[in-house]
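The block underneath contains the structure these notes are about, expressed in structure tokens.
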Amino acid sequence: MRTLLNTRGSTGLEPSANALIHRLERNLQDVGQLRNYLNSYSCEPQTYTDFKRIESLRNRLDTLGEVNRAIILSIREDKYPTKRYYEKVQEQYSEFNALKRGVEAYMEEARTKYVHH
């Protein structure tokens, strides 16, 4: 991924506030897409274990979205975003990637487990 440089001329390594916000907003869109996949007919839970698993994934996605929105608001209110925000955004992406793998694993199992011949 290409890094957008800070226009304030700091070290040139930290992305600007706008770049961080853009990344988080894109992440929110991706979270919404994953949530939609989990709500699709093909992912409907068939067992109690599946139900618990899908609910856990949905709750984690909702929490991730809420934290993303809070970070976006914090960045917008802070006149001089610091490296701290960059680290928070990286943590959010790590959490998102873990959730994405979990959703993909669930979807693959749902497709193969419940295929009717």
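A heavy-atom distance below 4.5 Å is not found between the side chains of I75 and N18. In this structure, the side chains of M107 and R111 come closer than 4.5 Å at one or more pairs of heavy atoms. At a threshold of 4.5 Å between non-hydrogen side-chain atoms, the residues N27 and L64 count as touching. Looking at Y86 and R23, their side chains come closer than 4.5 Å, going by heavy atoms from C-beta outward. Counting heavy atoms from C-beta on, the side chains of P45 and Y106 come closer than 4.5 Å. Between V31 and L99 the shortest side-chain heavy-atom distance does not fall below 4.5 Å. Contact annotation: the side chain of D30 never approaches that of K100 to less than 4.5 Å [non-hydrogen atoms, C-beta and beyond].
Taking all atoms of both residues into account, the shortest heavy-atom contact from Y37 to C43 is O-SG, 3.3 Å. Of all heavy-atom pairs spanning R58 and L38, the tightest one is NH2-O, 3.0 Å. A pairwise comparison of heavy atoms in L61 and R35 identifies CD1-N, 3.9 Å as the closest pair.
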Would you check, one step at a time, whether the test side-chain contact (heavy atoms from CB on, under 4.5 Å) holds for Q29 with Q33? CA-CA 6 Å; Q29 290 174 352; Q33 287 177 341; 5.7 Å; no
With side-chain contact (heavy atoms from CB on, under 4.5 Å) as the criterion, how do R53 and T49 come out once you've worked through the C-alpha distance, each side chain's angles and the decisive distance to 0.1 Å? CA-CA 6 Å; R53 186 172 172 196; T49 302; 5.5 Å; no
I72 and L28: CA distance, side-chain angles, deciding distance, side-chain contact (heavy atoms from CB on, under 4.5 Å) verdict: CA-CA 11 Å; I72 289 170; L28 280 173; 3.9 Å; yes
Residue pair R76, E25: steps toward the salt bridge (Lys or Arg N to Asp or Glu O under 4.0 Å) verdict: CA-CA 13 Å; R76 285 185 174 146; E25 287 174 342; 2.8 Å; yes
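Taking CD of E66 as the start and CG of N68 as the end, the distance is 10.5 Å to the nearest 0.5 Å. Note: L34 CG to N39 CG = 11.0 Å, rounded to the nearest 0.5 Å. Between the CD atom of Q90 and the CG atom of L20 there is a distance of 8.5 Å, given to the nearest 0.5 Å. Here the straight-line distance linking atom CZ of F96 with atom CZ of R101 works out to 10.5 Å at 0.5 Å rounding. Distance CD1/I54 to CD/Q46: 10.0 Å, rounded to 0.5 Å. Interatomic distance, S42 OG to E44 CD, rounded to the nearest 0.5 Å: 9.5 Å.
Within the 3.5 Å criterion, the main-chain N or O of E108 finds a donor-acceptor partner in the side chain of T112. Not a single donor-acceptor pair under 3.5 Å links the side chain of D78 to the backbone N or O of S74.
A donor-acceptor pair shorter than 3.5 Å can be found between the side chains of T47 and D50.
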